[in-house]
Amino acid sequence: MFSVRGRGAARLAAATLVAGLAVAGTMATAAPALADDGAAASGGATAKLGGLSEEESGDIKIVDENGKEWPDAVSGGLFTMEVEGGGTLSTYCIDFRTPAKHDYRYKEVGWDASSLHSNENAGKILWILENSYPKISAQDLGEKVGADLSKGEAAAATQAAIWKLSDDVTATPTSPDAQKLTESLLKDAVKLAEPKASLTLSPSSVSGKAGQKLGPVTVSTNSQTAKVATAPGVAAGVTVVGKDGKPVTEAKNGDEIFFDVPAGTPDGSAELIVEASTKVPLGRAFVSLDGPSQTLILAGSSESTVSAKATATWAKTGPIPSVTVAKDCAKGGLEVIATNKGDEPWTFDLKGVSLSIAPGETKTVPVPLAEDEAYKFTIKGPNGFEETFEGVLDCKTATPGPVPSESPSQTPTTEPSPTTPGGSTGSTGTTGSTGSTGSTGTTGATGTTGSTTTGGGDLAETGSSNATPMIAGIAVALVLAGGGAVFFLRKKKTAGH
């Protein structure tokens, strides 16, 4: 394995900058960020990372951005992934220096929630996926460029072209025939528009009073239809309905659905589940849910199961909360979007800061995080309301490090190394040629754990709030303490090929 140096200093600088902004009181009124998939949307494909396909990979020589050539070729090509609920995916990596972890769970996300958010060549990478292997056969690609290509050569040539655009390295397949394809792809590539999600619900949390239709929740999907159902344990009489108030069991792209809560229903909450069978669109990003691991980009999909969930909370009187969390890689953190549809203020704790949401108010609270920082926090409210959000912020490709030959311990390897999903050490392994970032701070709304956090990440809020002085005070304390919270940030592991 070889080390990726210099990231600790970058993280420290980022944490200090965040604290400085909070101290200066940089607060602005703003609406919730609207990502391609919608503000605080949820859903899509979830899959477990397998390994690098031996048949669909090949050797690639690397020259880094400083002109230094790596002494050994690395393996590059297609990774296989198994979709939860059924289906398989083929992916390439888009962060060359970050290791991939066997058996880590990955979540489909938009480009805004991955390293592609700031990559001006993201659209060209999509063009390559649309015009190369495996969408187009190795035989047809070979005929186009005047070469005799195997599947492995076609995959290695495609990965090499992608690495040039995702990591700014010169990646050259060792096969002369594969080199022809890489050169052709880079010469012809043009920017394409980002693909839509396979399935999302937006927003993923709504609230209101009993006797109303709570929503709407908008369905976005590339499937012709999606199944709609309430989760087990729903209160008697609570149903999912359309705009016309009639119960629905299926929905199409663009449909608005609602929780219909009859008057007199005891205070409580419910969850709906939307599920579809579809092919995930090429070019969708996949980020790790279990810890830092390379970000992947979709190159092929079988018919796969995709799903999304949304929750509703209701009460007769008092505060009636709902919370969603959206990842914002452009701003380097999360946006917690808190709404109170009740008739009394709702006060809750967010990472040690007390916040209050007035009746009828929606507030967006930025939560800055350092790159690769793991987070986990729970937001609580009345009537047993409890939502837990957990993930890792991974929005950048790994910082360039030394050429592997600079240290005897930095020899790239394709052998698995021990790691544990969700932690920094343990079982599972590093798969073949690597590449990733943008490990999403994908949110999960479970509400079963206590209020905890991992890592630093000072809090800032958009809009007026009585919490602003407290936020600034916490930031000052962190600065005076020498940025002690930085010690809790998780770091990317050494990368290996």
Got a second to check how far [X]'s [atom1] is from [Y]'s [atom2], nearest 0.5 Å?
X: Leu334; Y: Thr364; atom1: CG; atom2: OG1; answer: 12.5 Å
X: Met81; Y: Leu49; atom1: CE; atom2: CG; answer: 5.0 Å
X: Lys363; Y: Leu355; atom1: NZ; atom2: CG; answer: 7.0 Å
X: Leu165; Y: Glu120; atom1: CG; atom2: CD; answer: 10.0 Å
X: Asn383; Y: Lys316; atom1: CG; atom2: NZ; answer: 9.0 Å

A side-chain contact here means heavy atoms from C-beta on lying under 4.5 Å apart; do [X] and [Y] qualify?
X: Leu116; Y: Ile297; result: yes
X: Thr324; Y: Ser205; result: yes
X: Leu201; Y: Thr218; result: no
X: Thr158; Y: Trp163; result: no
X: Leu199; Y: Val274; result: yes
X: Leu214; Y: Gln212; result: yes

With a 3.5 Å distance limit and no angle check, can you tell me whether [X] reaches the backbone of [Y] through a side-chain donor-acceptor pair?
X: Lys309; Y: Ala231; value: no
X: Lys327; Y: Ala113; value: yes
X: Asn340; Y: Glu344; value: yes
X: Glu130; Y: Trp127; value: no
X: Ser57; Y: Leu78; value: no
X: Asp167; Y: Thr397; value: no
X: Ser302; Y: Ser304; value: no
X: Glu108; Y: Ser198; value: yes
X: Ser132; Y: Leu129; value: no
X: His102; Y: Gly50; value: yes

From CA spacing to verdict: side chain to side chain donor-acceptor pair (under 3.5 Å), Tyr106, Ser293: CA-CA 9 Å; Tyr106 276 71; Ser293 182; 2.6 Å; yes

Using every non-hydrogen atom in the two residues, find where [X] and [Y] come nearest and quote the distance to one decimal.
X: Trp314; Y: Ala235; result: CZ2-CB, 4.2 Å
X: Tyr104; Y: Ser288; result: CD2-OG, 3.3 Å
X: Val83; Y: Leu89; result: CG2-CG, 3.6 Å
X: Thr225; Y: Ala276; result: O-CB, 3.9 Å
X: Asp349; Y: Lys351; result: OD2-N, 3.8 Å
X: Gly283; Y: Pro195; result: C-CG, 3.8 Å

Compile the donor-acceptor pairs under 3.5 Å between side chains in residues 242-265 and protein atoms, sequence neighbours left out, one pair per line.
residue : atom : partner : partner atom : Å
Asp244  : OD1  : Lys246  : N            : 3.0
Asn253  : OD1  : Thr221  : N            : 3.0
Asp255  : OD2  : Lys252  : N            : 2.8
Thr265  : OG1  : Pro262  : O            : 2.6

What residues, two or more places apart in sequence or in another chain, satisfy side-chain hydrogen bond (donor to acceptor under 3.5 Å, both in side chains) together with [X]?
X: Lys124; answer: none
X: Lys227; answer: none
X: Glu82; answer: none
X: Thr313; answer: none

Stepwise ring pair (Phe, Tyr, Trp, His ring centres under 6.0 Å) check, Tyr375 with Phe389: CA-CA 8 Å; Tyr375 63 87; Phe389 302 94; 8.6 Å; no

Taking atom [atom1] as the centre, does [X] end up with more than 12 heavy-atom neighbours from other residues, nucleotides or ligands that are less than 6.0 angstrom away?
X: Gln224; atom1: CD; value: no
X: Lys279; atom1: NZ; value: no
X: Lys48; atom1: NZ; value: no

Pair Cys93-Gln159, side-chain contact (heavy atoms from CB on, under 4.5 Å): steps then yes or no: CA-CA 8 Å; Cys93 66; Gln159 178 65 88; 3.4 Å; yes

Pair Thr378-Glu386, side-chain donor/acceptor within less than 3.5 Å: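 No, no side-chain donor-acceptor contact under 3.5 Å.
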
Short side-chain donor-acceptor distance under 3.5 Å, Ser223 and Thr278: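 Not at all, the side chains of Thr278 and Ser223 share no donor-acceptor pair under 3.5 Å.
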
Test side-chain contact (heavy atoms from CB on, under 4.5 Å) applied to Ile379 and Val336, step by step: CA-CA 10 Å; Ile379 296 176; Val336 176; 3.8 Å; yes

Test of ring centre spacing under 6.0 Å for Phe79 and Tyr92: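 Ring centroids of Phe79 and Tyr92 are no less than 6.0 Å from each other.
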
Inter- and intrachain pairs under ring pair (Phe, Tyr, Trp, His ring centres under 6.0 Å), touching residues 321-366, at least two apart: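 Those involving residues 321-366 are Trp346-Phe348, Trp346-Phe385.
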
Lys396 with Asp372: basic N within carboxylate O range, under 4.0 Å: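 Salt bridge: no.
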
